Amino acid sequence: MADIKTNLIEELQWRGMLHDIMPGTEDQLNKEMTTAYVGFDPTADSLHIGHMVSVMLLRHLQKAGHKPLAIVGGATGMIGDPSFKAAERQLLDDDSIQKNIAGMKGQLEKFLDFDCGDNSAEILNNYDWFKEFSFIDFAREAGKHLTVNYMMSKESVKKRLADGSGISFTEFTYQLLQGWDFYHLYKEKNCRLQFGGSDQWGNIVTGTELIRRKAQGTAYAATCPLITKADGTKFGKTESGAVWLDPEKTSPYQFYQFWLNVGDDDAKKYIKIFTFIEKEEIDQLIAEHDEAPHTRILQKRLAEEVTRAVHGQKELDTAIAASNILFGKNVTDQLKSLDERTLLQVFEGVTQSEITKADLEGMAEIADLLSAGTDNQLFSSKGEAKRMIKGGGISINKAKLQGSELPKDLELLQDKYILAQKGKKNYCLIKVV
RNA sequence: GGGAAGGUUCCAGAGCGGUCAAAUGGGACGGACUGUAAAUCCGUUGCUUCGGCUUCGCAGGUUCGAAUCCUGCCCCUCCCA
């Protein structure tokens, strides 16, 4: 049996990852290696950083010497959790759920150790035990043990009844399904604890209740707070949508940037939640940060740690290199020295366009290159480009543009690329073919 | 069905026969400052071969000339039935 290495609850507490906990949970965890699970709703074929907290919970669990189970909700995902959702959820079709489960499973495998003896992690799909479960059986085995009164007293249900929006029988059943998961895992895997976001408390407790009544057993519950931002907006969203772990959806560079741009107060909170850095070091980092907030020690470290964990050291290096070039000053030489592969990697997330050599040579003004030459991606009209040139907002190959003529000796990066830049953050990599 | 008001450039909202590509505010985008932040200040905000060209719900008309006047149509808001 694996040793219990740390007091998990204490650890989660100082990290601000504990919201609610059922009495006795801490004793159970300190007593013996405990199997615990967290559920993942297969609403997309990739995890996003909102899921990261759950992933971190599982990792902490394993690190502390306990056995983590990640349950992908193939069955529950077909129903939809009503918790804190204003309206009835759209049901996903079977094919997309299968696809989503496969995607999420692949990502979870990167974070957990599946081969470390007793406390090896496991990933399970609750569809496996629900698919053969008939409705009659479910009604007799699960439904009999809890009253509708009990189920209706849940906050998630009450809310939907109170505001008149209503709740379908399907969604009403959800908590019972999730409760059954817990019961099933209790019986089959000796799983004693369920973790989740604080919005899951009601559902989790339904599970412990079912275990108590049906199996006369004791199971535990713990939740972590929902991650918030200091300014009240939703965590994990950028202008372009959610931040995904899938590099196809959110490039490692964008991922790194997301963390780097976190606000000061949020960074203090997030570094505890999303990294494994020890308390002493974090305290020191925070102290250093407060000393010189403009150097953004916290954000850099946070972005580094999380990007490395999700995408690996190599992608992290590229993301940092890209950030330096895109936001640094006097980096023209650095830019010119990049080989083609690195160059393309750095500008992976940047809009790109192509232009023929003949067209380029036919252009007299830079404004032509910036509008038509970028397929109007950087500027939709030549006039707009001209105004911006006049206003001093244009750089070519990271060098501020002076005149408006297209220099005959314009140097092409790697003999075929031009990096056009509007302001600080808008780029277009033009390929000359 | 009767009556009133109105539809303006991304939005709000002026303009009411030439000086209107159209005030002002917001937003957006740039610049300075800064921490790839916030605040602040400044600039730009229809297209252009820089001659002009196309815009003010839609279609016609009056006029040397219309976003501005007239006619019809479409749409919206309010009041009455």
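All of these numbers come straight from a predicted model, not from anything done at the bench. Numbered from 1 within each chain, the chains take letters A, B, ... in sequence-line order.
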For nucleotides 32-43 of chain B, just jot down a letter per nucleotide in 5' to 3' order: B, S or -, based on protein non-hydrogen atoms under 4.0 Å.
-> -BBBBS------

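A syn base is found at G51(B): its glycosidic angle is within 90° of 0.
Between Asp317(A) and Gln313(A), the side chains place a donor N or O and an acceptor N or O closer than 3.5 Å (distance only, hydrogens not considered). Side-chain contact annotation: Asn119(A) with Gln62(A), donor-acceptor N/O pair under 3.5 Å absent. Between the side chains of Gln200(A) and Asp81(A), at least one donor N or O sits under 3.5 Å from an acceptor N or O. Judged by distance alone, the side chains of Gln107(A) and Ser46(A) do bring a donor and an acceptor atom under 3.5 Å apart. Checked by atom type, the side-chain pair Glu315(A)/Thr307(A) shows no donor-acceptor distance below 3.5 Å.
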For nucleotides 44-48 of chain B, which of its nitrogen or oxygen atoms have a protein nitrogen or oxygen under 3.5 Å away, and what is each distance?
unit_1, atom_1, unit_2, atom_2, d
U44(B), O2', Arg387(A), NE, 3.0
C47(B), OP1, Ser381(A), OG, 2.9
U48(B), OP1, Lys382(A), N, 2.9
U48(B), OP2, Ser381(A), OG, 3.4
U48(B), OP2, Gly383(A), N, 2.7

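Aromatic ring pairs are classed by plane angle as parallel below 30°, tilted from 30° to 60° and perpendicular above 60°; the pair Phe40(A) and His51(A) is tilted. Taking the six-membered ring where the residue is Trp, Tyr37(A) and Phe182(A) present perpendicular rings, their angle passing 60° and hence far from 30°.
The CD1 atom of Ile396(A) sits 8.0 Å away from the CG atom of Leu419(A) when rounded to the nearest 0.5 Å. We find the CG-CE distance between Asp41(A) and Met104(A) to be 7.5 Å, quoted to the nearest 0.5 Å.
Summarising the base pairing, G35(B) is matched to no nucleotide, lacking a Watson-Crick or G-U wobble pair whose two defining distances lie under 3.5 Å. When both distances must be under 3.5 Å, the Watson-Crick or G-U wobble mate of G25(B) is C11(B). Of all nucleotides present, only A4(B) satisfies the Watson-Crick or G-U wobble test against U77(B), with each distance under 3.5 Å. Base-pair partner of C64(B): G18(B) (Watson-Crick or G-U wobble, both distances under 3.5 Å). Of the nucleotides present, C58(B) is the one that pairs with G72(B) by Watson-Crick or G-U wobble criteria, both distances under 3.5 Å.
A28(B) and G2(B) have their P atoms separated by 46 Å, with the value rounded to a whole Å. The separation of U19(B) from G65(B), taken at their P atoms, amounts to 14 Å, rounded to a whole angstrom. Taking atom P on both A5(B) and U54(B), the two are 34 Å apart, rounded to the nearest angstrom. U49(B) and C33(B) have their P atoms separated by 33 Å, given to the nearest Å. Taking atom P in both G7(B) and C16(B), the straight-line distance is 14 Å, to the nearest Å. Between A12(B) and U36(B), the distance separating the two C1' atoms is 32 Å to the nearest Å. Atom name P, nucleotides U9(B) and A4(B): the rounded distance is 27 Å, in whole Å. Comparing U8(B) with A23(B), their P atoms sit 15 Å apart, to the nearest whole Å.
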Let me have the donor-acceptor pairs involving side chains of residues 368-378 of chain A, under 3.5 Å, with sequence neighbours excluded, atom names and distances please.
unit_1, atom_1, unit_2, atom_2, d
Asp368(A), OD1, Lys382(A), NZ, 3.4
Ser371(A), OG, Ala367(A), O, 2.8
Thr374(A), OG1, Leu370(A), O, 2.7
Thr374(A), OG1, Ser371(A), O, 3.2
Thr374(A), OG1, Gln377(A), N, 3.4
Thr374(A), OG1, Leu378(A), N, 3.3
Gln377(A), NE2, Gln352(A), O, 2.9
Gln377(A), NE2, Thr374(A), O, 3.1

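Taking the nucleotide of RNA chain B with the nearest heavy atom to each of Glu365(A) and Gly393(A), the more 5' of the two is matched to Gly393(A).
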